[in-house]
Student: 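My structure is below; once you've seen it, I'll send some questions.
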Amino acid sequence: MRLHVADHPLITHKLTVLRDKATPSPVFRQLTEELMTLLAYEATRNVRVEPVTIDTPVTQTKGVRIADPKPLVVPILRAGLGMLEGMTKLVPTAEVGFLGIVRNEETLLPTTYAERLPDDLSDRQCFVLDPMLATGGSLAAAIKYLFDRGATEVTAVCLLGTPEGVHAIESLVGDRDITLVLGALDEGLNEHGYIVPGLGDAGDRLYGTV
Ligand code: PRP
Ligand code: URA
C-alpha cells in the first residue's frame, strides 16, 4: 500500500480551522471541499492519461487527456459527500458512484445501507472519499466492495486518519493496488472510537445531527 500524509502549511492551516469546535457548519463545509481539492492533486498523481495531438494558435503539439474508462469517484455517505465537489472540480470528467455506510456507535462495526455503482468496475481507477479514517472499518468495507466488483486500483482520500485505521487498510492489501492519501495522521482513537485530536463527528459538523 502506498501511504501519503500531506505536509503542506496550507493544508495544516485549513485542518486547524476545521478541527476547531467553534467553526460553524458553513465554514466547515467550505473547508472540507477546499481540503479535498488540495489532496486531489496528490491523489490523482497516477491518474491514467492518453496521448493527444492538438493545435495551439502557434503550432501543433502533443499533450495528454484523461483516458477511458473515466475515473470513478465514490464518496461514502454521508460525510464523504462534503468532499465530492472538491474532487469533481479538479476532475470534471470523472463519473460518480455512491456507497452509504454507517458505523454503529457502540460496536463500531460498519453497515452498508446504500449502493449505486456500475456493475463492472474492471479496469476502473476508483477514488473513495471519506473525511474520517478512525478504526478503518468503514473504509475497509468500501474498498472491499469495489474490489469485489472488479476494481483493480483504489485510492482513498481522508482528511484525518489514525495508525489503527491505516493498519486496517494495510491488512486488506494482498496483491491489491491501494493508495491512501491523508490530510493528517492523528494520534489514535479514544474510548468511543473517535479520532484524537480529530474534529468530532464529521457528518454532524457538515450536516447537523439528523
Ligand atoms: C464516519 C466517517 C466514516 C466512519 C469512520 O461516518 O465519515 O465513514 O465514521 O469510522 P471508522 O473508521 O471507525 O469506520 P458515520 O458512520 O458517522 O456516518 P455519517 O457519515 O453518515 O455521519
Ligand atoms: N467518525 C467521525 O465522524 N469522527 C471520528 O472521530 C470517528 C468516526
Side-chain angles (χ1 to χ4, degrees), residues 1-21 23 28-29 31-46 73-84 86-87 99 101-105 108-110 112 126-147 151 153-174 176-206:
M1 182 180 85
R2 283 177 294 276
L3 171 65
H4 178 87
V5 182
D7 177 20
H8 192 290
L10 202 52
I11 292 179
T12 313
H13 163 80
K14 287 179 189 288
L15 277 175
T16 305
V17 183
L18 201 73
R19 291 178 190 279
D20 190 335
K21 67 179 184 187
T23 297
F28 193 95
R29 283 197 291 271
L31 286 168
T32 299
E33 191 182 316
E34 288 172 9
L35 280 159
M36 177 63 237
T37 303
L38 293 170
L39 294 174
Y41 185 70
E42 182 60 35
T44 54
R45 184 170 287 282
N46 294 318
V73 177
V74 183
I76 302 182
L77 310 180
R78 213 176 26 147
L81 262 190
M83 299 166 78
L84 180 59
M87 180 70 170
L99 270 177
I101 300 179
V102 67
R103 175 176 95 151
N104 179 306
E105 290 302 331
L108 303 184
L109 295 174
T112 302
C126 297
F127 294 87
V128 183
L129 316 182
D130 193 328
M132 308 305 270
L133 174 65
T135 66
S138 305
L139 187 60
I143 292 175
K144 269 197 220 138
Y145 207 99
L146 298 175
F147 280 114
E153 214 184 307
V154 175
T155 298
V157 187
C158 303
L159 302 187
L160 299 183
T162 61
E164 294 89 331
V166 171
H167 183 69
I169 305 305
E170 249 163 8
S171 62
L172 273 184
V173 170
R176 294 156 164 169
D177 185 339
I178 301 177
T179 302
L180 184 55
V181 176
L182 300 179
L185 183 60
D186 275 12
E187 286 160 27
L189 297 168
N190 69 11
E191 65 277 23
H192 305 293
Y194 272 75
I195 298 178
V196 179
L199 51 75
D201 188 304
D204 289 357
R205 294 200 62 190
L206 282 162

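Computed from a prediction, not measured in an experiment: that's the story for all the values here.
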Student: Hey, could you give me the CG/OG1 distance between Asp177 and Thr155, rounded to the nearest 0.5 Å?
Tutor: 7.5 Å
Student: With sequence neighbours excluded, what pairs up with Ala6 under the side chain to side chain contact (heavy atoms under 4.5 Å, CB included) test?
Tutor: Ile11, Leu39
Student: Does the Arg205 side chain pair with the main chain of Leu199, one donor and one acceptor, at a distance under 3.5 Å?
Tutor: yes
Student: Search all heavy atoms of Met83 against all heavy atoms of Val157 and return the closest pair with its distance.
Tutor: CE-O, 3.5 Å
Student: Can you name the residues that form a salt bridge (charged side-chain N to carboxylate O under 4.0 Å, His left out) with Glu187, not counting sequence neighbours?
Tutor: none
Student: So do the side chains of Val154 and Val74 get within less than 4.5 Å of each other, counting heavy atoms only?
Tutor: no
Student: Would you mind listing every salt bridge (Lys or Arg N to Asp or Glu O under 4.0 Å) that reaches into residues 156-169, with sequence neighbours excluded?
Tutor: none
Student: Sequence neighbours left out, what passes side chain to side chain contact (heavy atoms under 4.5 Å, CB included) with Thr37? Give chain and number order.
Tutor: Leu90
Student: Would you mind writing out the side-chain donor-acceptor pairs for residues 127-143 within the sub-3.5 Å range, not counting sequence neighbours?
Tutor:
residue	atom	partner	partner atom	Å
Asp130	OD1	Met132	N	3.2
Thr135	OG1	Gly137	N	3.1

Student: Out of curiosity, Ile178 CD1 to Cys126 SG, how far, rounded to the nearest 0.5 Å?
Tutor: 11.5 Å
Student: Does NZ or CZ of Arg176 lie under 6.0 Å from the centre of the six-membered ring of Phe147, at an angle within 45° of the ring axis?
Tutor: yes
Student: Compare every heavy atom of Ile101 with every heavy atom of Pro110, then report the nearest pair and how far apart it is.
Tutor: CB-CG2, 3.7 Å
Student: Strictly by side chain to side chain donor-acceptor pair (under 3.5 Å), give each pair with a member in residues 3-13 just once, sequence neighbours left out.
Tutor: none
Student: For Leu3, check side chain to side chain contact (heavy atoms under 4.5 Å, CB included) against everything at least two apart and list the hits.
Tutor: Met1, Val5, Val166, Leu180, Leu182
Student: Restricting to side-chain hydrogen bond (donor to acceptor under 3.5 Å, both in side chains), what partner residues turn up for Asp204, sequence neighbours left out?
Tutor: Arg78
Student: Taking salt bridge (charged side-chain N to carboxylate O under 4.0 Å, His left out) as the definition, give me every residue that meets it alongside Arg29, ordered by chain and number, with sequence neighbours left out.
Tutor: none
Student: If I take atom CG from residue Leu18 and atom OG1 from residue Thr32, how far apart are they, to the nearest 0.5 angstrom?
Tutor: 4.5 Å
Student: Which residues pass the salt bridge (charged side-chain N to carboxylate O under 4.0 Å, His left out) test with Arg45, sequence neighbours left out?
Tutor: Glu42
Student: Anything under 3.5 Å between a donor and an acceptor, one on a side chain of residues 189-197, the other on a protein residue two or more places apart or in another chain? List them.
Tutor:
residue	atom	partner	partner atom	Å
Asn190	OD1	His192	N	2.8
Asn190	OD1	Gly193	N	3.2
Asn190	OD1	Tyr194	N	3.0
Tyr194	OH	Asp201	OD2	3.2

Student: From Phe28 CZ over to Arg19 CZ, what is the distance, rounded to the nearest 0.5 angstrom?
Tutor: 10.5 Å
Student: Working to the nearest 0.5 Å, report the span between OG1 of Thr162 and CG of Asp186.
Tutor: 8.0 Å
Student: About how many Å separate CG of Leu38 and CD of Glu33, when rounded to the nearest 0.5 Å?
Tutor: 11.0 Å
Student: My understanding is that only residues two or more places apart in sequence, or in another chain, count here; which of them pass salt bridge (charged side-chain N to carboxylate O under 4.0 Å, His left out) with Arg103?
Tutor: Glu105
